[in-house]
Amino acid sequence: EAGVTQFPSHSVIEKGQTVTLRCDPISGHDNLYWYRRVMGKEIKFLLHFVKESKQDESGMPNNRFLAERTGGTYSTLKVQPAELEDSGVYFCASSQDWWDRGGLAGSPFFGPGTRLTVL
Amino acid sequence: RKEVEQDPGPFNVPEGATVAFNCTYSNSASQSFFWYRQDCRKEPKLLMSVYSSGNEDGRFTAQLNRASQYISLLIRDSKLSDSATYLCVVRASGGYQKVTFGTGTKLQVIP
């Protein structure tokens, strides 16, 4: 079974530019999450989709970040305009069920991440 | 105080040794607990969920201490392949899907 895939694996852009990250979850997983890890810090939650609906976007840092999940399949995360502090690794994860169900069904599978560098 | 705290390490242990990590959490309403493993420049992967009664999976044992608000991970008979960063993940209650990650504890198993 294919895992969570993310594109691109690396992106280097200049401050002020726009970048769009893509995530393809595991087929059949209604839950899709975006996380971010900036250098030296812990992985932080950004938002959670259930199918095409945003269930929780409380972790989005500001309105420069826009996430979409059209049709409940793949998701995109756009940063516009990018700032230096946006540099980090952006992980996408998907799961069949919610975290509180526990076990494999509830705990998300992570994609390999997109390493974003803003110069 | 951070919501989830871990000793960053590194823990350098010889092959075959037993090693234990703790993770403390500040929110007493936390409901679900997990250990994830992350290899260098790779994605986190679920190692095990942590249940109230404690649970074991082969050489790995996870414990939860609600009174002191910490979870632990014990690795017996360490293998070189166990070298990785171990992330503690905590979820609050109420059907709330936002989880909090610790910064991770780095383990290096030495031949």
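Protein chains get the first letters and strands the later ones, always in sequence-line order, with residue 1 at the start of each. Side chains included, hydrogens not; waters and symmetry mates left out as well; all remaining heavy atoms used.
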Would you name the heavy atoms of A/Tyr35 and B/Val99 that are closest together and state the gap between them? OH-CG2, 3.7 Å
Roughly how far, to the nearest 0.5 Å, is the CG atom of B/Leu46 from the CZ atom of A/Phe110? 9.5 Å
Same hydrophobic cluster for A/Leu21 and A/Leu46, using side-chain heavy-atom links shorter than 4.5 Å among ILVMFWY? yes
Does A/Tyr74, at its OH atom, have more than 12 non-hydrogen atoms belonging to other residues, nucleotides or ligands within less than 6.0 Å? no
Around A/Lys54, counting heavy atoms of other residues, nucleotides and ligands shown, do more than 12 lie under 6.0 Å from its NZ? yes
Okay, B/Lys42 and chain A: the region with an atom under 4.5 Å from a heavy atom over there is backbone
Find the one option among B/Lys45, B/Arg41, B/Lys2 whose heavy-atom pairs under 4.5 Å with chain A are most numerous. B/Arg41
Please say yes or no: joined through hydrophobic side-chain contacts below 4.5 Å, possibly via intermediate residues, are A/Leu119 and A/Met39 part of one cluster? no
Check each atom of B/Gln38 against the heavy atoms of chain A and say whether the ones under 4.5 Å are side chain, backbone, both or neither. side chain
Can you tell if the side chain of B/Phe34 reaches within under 4.5 Å of the side chain of A/Pro108, non-hydrogen atoms only? no
Out of curiosity, does A/Val38 fall in the hydrophobic cluster containing A/Leu84 (side-chain heavy atoms, cut-off under 4.5 Å, transitive links)? no
CD-CD distance between A/Glu42 and B/Glu5, expressed to the nearest 0.5 angstrom: 10.0 Å
Test of understanding: clusters of I, L, V, M, F, W, Y form through side-chain heavy atoms closer than 4.5 Å, transitively. Do B/Tyr86 and A/Ile43 belong to the same one? no
